[in-house]
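Report on the structure given below.
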Amino acid sequence: MLRQQKIILTRIITGAVLFVAAIIVTHFMELQWWVNLIVFLAIYMIPGWSVLVKAARNIVHGQMFDENFLMAIASIAAFAIGEYHEAVEVILFYQVGELFEKIAVGKSRRAVSDLLNLCPDEATVLRDGKPQTVLIEEVAVGEYILVKPGEKIPLDGEISKGQTTVDTAALTGESMPAMVQTGDAVFSGCMNLSGAIELLVTKPASESTAAKIMEMVEQSSSMKAKTEQFITKFARYYTPCVVIAAVILALLPPLFTGQPFSEWIYRALTFLIISCPCALVISVPLSFFGGIGAASKHGILVKGSNYLEVLSRVQTVVMDKTGTLTEGKFHVVEQHAEGIDKETQLELAALAESSSNHPIAQSLRDAYGKPADLQRVSNVQEKAGYGVSATVDQKKVLVGNRVYMENAGIMVKNSDEMGTAVHVAVDGKYAGYIVIADQLKSGAPAAVEMLRNAGVTCVSMLTGDSEKVANQVGTQLQLDEVHAKCLPGDKVNYMQQYREKLERGKTLAYVGDGMNDAPVLAQSDVGVAMGGLGSDAAIAAADLVILDDDLSKLSTALQIARKTMRITRENIVFALGVKAVVLVLGALGIAHIGAAVFADVGVSVIAIINAMRTLRIPKK
């Protein structure tokens with residue numbers, strides 16, 4: 001428990017023990033009324049002094065109608081009419097509710113604040129070959145830092161020396177450590193597990209992955225959901241209304257009926273205690289904060305509770321293809337060689353493309369898997385968008401698309417496979433083709449199925465790729481709709497069409513890389529960035545960021561959002577229902593202060609415990 005929680009608990013225990021002792025003493029001994037007043041007032045001050053101080057401070061600042069004010073008025077009035085026992089009971093039970101609130105908020109806040117401690121304040125920088133410990137803000141891009149085993153990586157960088165395993169759980173929720181070595185990029189906030197490494201710093205502290213994530217988490221609490229905003233406004237008008245109603249209840253009936261004022265003042269106190277909106281004011285924001293905390297445990301960052309509410313009502317999910325449903329990298333998937341063997345075909349193509357920066361050239365070199373011997377290559381000529389010609393081992397090699405080959409007078413064969421056909425010719429003779437394609441992510445089919453099981457009725461894809469490739473991906477994933485050859489403007493138009501098809505109260509989500517889809521994200525109710533780790537643009541553009549490439553976490557986010565909203569509605573209905581019943585009973589004189597305390601503190605505690613359930617979303 002935190003220090004503040006321990007103080008509250010100490011006050012409760014001390015006050016409760018002395019209260020029981022006073023009850024026993026007053027039961028067996030007849031004391032003067034003023035002695036009883038002093039005894040119970042002294043006991044009351046142990047748990048109640050802080051409430052009186054807060055109420056007075058808030059009144060000075062113009063915040064009169066809050067729970068501290070209600071409890072102070074109710075307990076002081078109970079003393080005034082001689083109900084000393086009830087006065088102490090009210091304040092003790094109220095402090096019990098306060099303790100539960102602080103414990104619950106603490107648990108929710110810790111779930112999120114883990115992300116706010118992603119990286120240390122200092123780094124070991126290597127200057128003139130000597131290690132120096134400096135603040136991370138003082139490390140410049142291009143400097144080298146040393147990270148020892150067991151230390152968190154303080155800045156984004158590229159490994160220049162050493163290899164190790166890193167724990168990325170704090171960022172991505174992924175429990176399996178990743179192996180990294182020289183040349184690999186690593187991100188601030190990850191834990192270095194096994195080996196000392198030197199990093200070349202690639203981003204300043206203010207632009208690091210950890211800094212971007214921390215900034216987003218800090219801003220999330222200011223983005224309130226409509227339900228949360230409603231409760232805040234509701235409490236603002238509700239509290240003064242019930243205070244006025246309690247005053248009327250205390251004064252008017254005795255004037256007209258001639259009954260004692262003390263009896264109606266007691267009813268008004270009961271009414272006042274019951275009416276305290278603690279259960280709503282505490283539990284509703286706590287539910288949303290717990291939902292954000294649960295999401296962060298899974299490597300899902302939500303920019304505000306308003307997006308949880310919107311996500312809970314998603315009916316249609318529209319996705320980009322490259323980088324979302326597919327890996328976003330070209331691979332050699334098929335080879336059809338003619339007149340030469342496949343190994344020679346791939347070797348000649350890779351060497352001919354050895355000087356090109358095109359992604360297709362890179363995929364050919366990756367498939368070849370050997371360092372390119374540039375001494376074997378000469379006379380390289382590249383025609384952008386078409387192909388390349390080169391002399392490899394004194395052979396003239398052409399590598400390119402159909403148009404490039406036909407312009408060179410070489411007839412090629414048609415390719416029926418999904419992907420891009422890269423044709424090869426050697427010394428003027430056709431040598432077959434190599435199929436380059438972007439592959440589906442291994443978890444994409446299961447992720448789409450999980451979305452359907454989560455209640456999403458339409459899963460669609462918008463892509464700039466060809467119809468052939470788009471339709472094949474759509475068939476493999478059993479998508480409802482596929483739209484190919486989409487320019488940014490086309491995607492915006494399609495998103496507007498999807499919006500018009502939504503049922504009343506339902507929402508639209510778009511899932512992309514968050515980098516080149518800004519216009520589409522603006523058309524969606526909630527924008528989701530995939531693979532956001534290390535991507536500034538993804539974190540900036542999206543409402544919700546999944547910090548790795550696990551598309552299945554979108555259904556987890558849906559589950560969290562819907563559970564959060566379900567618990568929020570449960571608390572609202574439960575709190576208002578119980579209070580309405582007990583308010584009526586209190587006004588009629590049937591419910592006493594004990595029932596009033598339950599309607600306030602008891603309902604608050606139950607609502608808080610229920611709100612804490614949002615934190616418990618098991619990892620799959």
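Treat the numbers as computed from the prediction; the structure is a model and nothing was measured. Just so it is clear, the values below take in all heavy atoms, side chains as well, and ignore hydrogens, waters and symmetry mates.
A pairwise comparison of heavy atoms in Met461 and Ala470 identifies CE-O, 3.5 Å as the closest pair.
Ser287 and Thr564 share no donor-acceptor pair across their side chains, judged by distance under 3.5 Å alone. A side-chain N or O of Glu481 and one of Tyr498 form a donor-acceptor pair less than 3.5 Å apart. Counted by atom type alone, Asp156 and Ser188 present one or more donor-acceptor pairs between their side chains at under 3.5 Å. A donor and an acceptor atom, one from each side chain of Thr202 and Glu158, are nowhere located under 3.5 Å apart. Looking at Gln497 and Asn493, their side chains never bring a donor and an acceptor atom within 3.5 Å of each other. No hydrogens or angles considered: nothing links the side chains of Ser160 and Tyr144 as a donor-acceptor pair under 3.5 Å. For the residue pair Thr344/Asp341, the side-chain donor-acceptor check at 3.5 Å is satisfied.
Side chains of Val166 and Leu193 form no contact here, defined as non-hydrogen atoms less than 4.5 Å apart. Within the 4.5 Å cutoff, the side chain of Leu346 has heavy atoms near those of the Gln335 side chain. Taking 4.5 Å as the limit, every side-chain heavy atom of Leu398 sits out of range of all side-chain heavy atoms of Val424. Inter-residue side-chain proximity for Val180 and Gln163 is flagged as unmet; no heavy-atom pair is nearer than 4.5 Å. The shortest side-chain heavy-atom distance between Val422 and Asn401 does not fall under the 4.5 Å cut-off. For the pair Ile560/Thr614, no side-chain contact is recorded, criterion being any heavy-atom separation below 4.5 Å from C-beta on. A heavy-atom distance below 4.5 Å is found between the side chains of Leu462 and Val318. In this structure, Met530 and Leu551 have side chains that are in contact, with non-hydrogen atoms separated by less than 4.5 Å.
Here Glu353 contributes atom CD and Glu382 contributes atom CD; the two are 6.5 Å apart, rounded to the nearest 0.5 Å. Here the CG atom belonging to Leu554 is positioned 6.5 Å from the CG atom belonging to Leu311, to the nearest 0.5 angstrom. To the nearest 0.5 angstrom, Ile546 atom CD1 is 5.5 Å from Ile300 atom CD1. Leu544 CG to Leu558 CG: the interatomic distance, rounded to the nearest 0.5 Å, is 9.0 Å. Put simply, CG on Asn453 and CE on Met450 are 8.0 Å apart, with the number rounded to the nearest 0.5 Å. In this structure, CG on Asp393 lies 8.5 Å from CG on Asp373, to the nearest 0.5 angstrom.
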### Task
Step by step, work out the side chain to side chain contact (heavy atoms under 4.5 Å, CB included) result for Ile145 and Glu198.
CA-CA 6 Å; Ile145 60 174; Glu198 290 183 13; over 6 Å; no
### Query
Could you go step by step and tell me if Leu325 and Leu479 meet the side chain to side chain contact (heavy atoms under 4.5 Å, CB included) rule?
CA-CA 11 Å; Leu325 296 171; Leu479 301 179; 4.2 Å; yes
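A salt bridge between Arg452 and Asp480 is present, with a side-chain N of the basic residue lying under 4.0 Å from a carboxylate O of the acidic one. Comment: Lys491 engages Asp320 in a salt bridge, judged by a side-chain N to carboxylate O separation of less than 4.0 angstrom. One finds no salt bridge joining Lys395 and Asp427 here, because no Lys/Arg side-chain nitrogen approaches an Asp/Glu carboxylate oxygen to under 4.0 Å. The pair Glu347-Lys342 fails the salt-bridge criterion, with no side-chain N (NZ, NE, NH1 or NH2) lying under 4.0 Å from an Asp/Glu carboxylate O. Taking 4.0 Å as the cut-off between side-chain N and carboxylate O, Lys429 and Glu338 do not count as a salt-bridged pair.
Within a 6.0 Å sphere centred on CD of Gln478, other residues, nucleotides and ligands contribute 12 heavy atoms or fewer. Counting non-hydrogen atoms of other residues, nucleotides and ligands closer than 6.0 Å to NZ of Lys468 gives a total above 12. Counting non-hydrogen atoms of neighbouring residues, nucleotides and ligands closer than 6.0 angstrom, the CD atom of Gln496 exceeds 12 such neighbours.
The side chain to side chain donor-acceptor pair (under 3.5 Å) with Asp525 is formed by just one residue from the set Gln315, Arg313, Lys506, Arg499; it is Arg499.
Figure legend: cation-pi geometry between Lys383 and Tyr386, with NZ or CZ positioned under 6.0 Å from the six-membered ring centre and within 45° of its axis.
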